[in-house]
Amino acid sequence: MAWRIAVKPVALFAAAFLFLTGCGPTPQKPVTGVSEIGPDSVVVVGRLELDPPLRPNEQQIRPGTIDPFGVGDTMRDHGFLWFSRSAETPPEKGEIVLNPRLGELYFLPVPKSAPYMVGGYIPIQFNMRLTGPRSVTVDDARIEISGGLRYDIRPGDKAIYVGTLRLHRDEFNEVIKAYVVDEYEAAAVEFKKRFGPGTELRKAIPRPHT
Amino acid sequence: MTRRRIASFFAGLLTLLVVGCATSHPIDPKDQSLSLVYGYIDMKDAPSSLGWVHITLYDGKNTGYFTEVDHGLFFHLGVKPGPYQVDRFGRYATFLSNVDYSYDFGTRGRNETAIRIEKPGVYFMGAYKYVDVPTGWFEQDKFRMEQTTTPTERELLNRVLAMLQNDHAQYTLQIDTVKQRLAQLR
């Protein structure tokens, strides 16, 4: 039986705002040059795809009247993937979060110590509204992404290609099938354009860990 | 002159409000493509009573229906074909409480109420109980929805029939369909 979070009116608007902007880890920023890759990190190159894709206006993202931290922009046409040092970490408790744009090749850094993709989601609805003088409600709907992948990150790696994570959904936004597609050749061309010919993009398609 | 402008502004505003209120579409009693959808939520364990239930149409346009609610029973008699599930329920502010309550039934994929209406008929979304889950002082409140066997589908449908006959007697198509379904449930 699934647990549901009650959006009971106890949280102050400010508390909810701080929760949204401050409590979770900040999404990793895209890597633009080789010099940005530290010895403890690796650039993960891949793609997150939804099938069927989001329809126009299907996402309802309303993070409030003001959104100085750009929370809405991280949700519109984007997904979240959580990474951790341990496979046992619950989704959203991961230490690292990637925020790839759907359907586009991403180049995002991940610490070598956090190879487990423990879950993620694609926001469908995020509507924050005041429901009383001291209360706020968040209408939250999402497409959940199962974790259980271990990325094969090796000590000498600078960049790895992890494939296209393709999610097939049913009409209720339940992921009914997920698999990784190898599109290495096209990704390698794009990688070379961005980082030059000197850096190797090693193919490391992840496998489910047991 | 200024007073006239203010008066015109308020007259315009009032017109917009009235027009806005009048845009909800009444259900055509002769429309044979519509279905009756119903279910039940027991809120004895919840911090509020049940005032509204929203069923969402999963067509990517984020539309749906607010149902009629009566002591836990919820129903809508004019539902078009498509995939639906309850996404939220709650209660608006009342005279004694100025707080709106909104509960998430489960909007992370398919939940237990999911139905797919392909042809007109009577569709039961199930009976559920709100069960409070104890949490710590600084944690967000939690609950879970448990499917229950009481009241039964038949009991609930009898209540729907009574309400239709008393309050919506013009919907003879729906009343006949409910009677047919009740005959099957005997």
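Numbers restart at 1 for each chain; the letters A, B, ... are given by sequence-line order, proteins then strands.
A salt bridge is defined here as a Lys NZ or Arg NE, NH1 or NH2 lying under 4.0 Å from an Asp or Glu carboxylate O, and A/Lys192 with A/Glu190 fails to meet this definition. Between A/Glu183 and A/Arg47, at least one side-chain N (NZ, or NE/NH1/NH2) sits under 4.0 Å from a carboxylate O, which counts as a salt bridge. Using a cutoff of 4.0 Å between basic side-chain nitrogens and carboxylate oxygens, A/Asp152 and A/Arg150 are not scored as salt-bridged. Under the 4.0 Å criterion applied to side-chain N and carboxylate O atoms, B/Asp45 and B/Lys129 are not assigned as salt-bridge partners. At a threshold of 4.0 Å, the pair B/Asp42-B/Lys44 counts as salt-bridged, since one of the basic side-chain nitrogens sits closer than that to a carboxylate oxygen. Of the charged side-chain nitrogens involved, none lies within less than 4.0 Å of a carboxylate oxygen, so that A/Asp157 and A/Lys112 do not count as a salt-bridged pair. A salt bridge is absent between A/Lys177 and A/Asp51; no separation between the charged side-chain nitrogens and carboxylate oxygens falls under 4.0 Å.
Here the two rings, on A/Phe191 and A/Tyr161, have centers that are 6.0 Å apart or farther. Remark: aromatic rings of B/Phe105 and B/Tyr128 are close, center separation under 6.0 Å. Close placement of the B/Phe124 and B/Tyr38 rings is indicated, their centers lying within 6.0 Å of each other.
When heavy atoms are compared at a cutoff of 4.5 Å, B/Ala93 does not approach chain A at all. Neither the backbone nor the side chain of B/Asp132 comes within contact range of chain A, judged by heavy atoms closer than 4.5 Å. Looking at A/Arg55, the atoms closer than 4.5 Å to chain B (heavy atoms on both sides) all sit in the side chain, from C-beta outward. Only the backbone of B/Tyr84 comes within contact range of chain A, with heavy atoms under 4.5 Å apart.
Near-neighbour residues of residues 89-107 of chain A relative to chain B, defined by a heavy atom under 4.5 Å from a heavy atom of that chain, comprise A/Glu92. Of all residues spanning residues 165-176 of chain A, those with a heavy atom less than 4.5 Å away from chain B's heavy atoms are A/Asp170, A/Glu171, A/Phe172, A/Asn173, A/Glu174, arranged by number.
Remark: side-chain polar atoms of A/Asn127 are not paired, donor with acceptor, to backbone N or O of A/Val138 under 3.5 angstrom.
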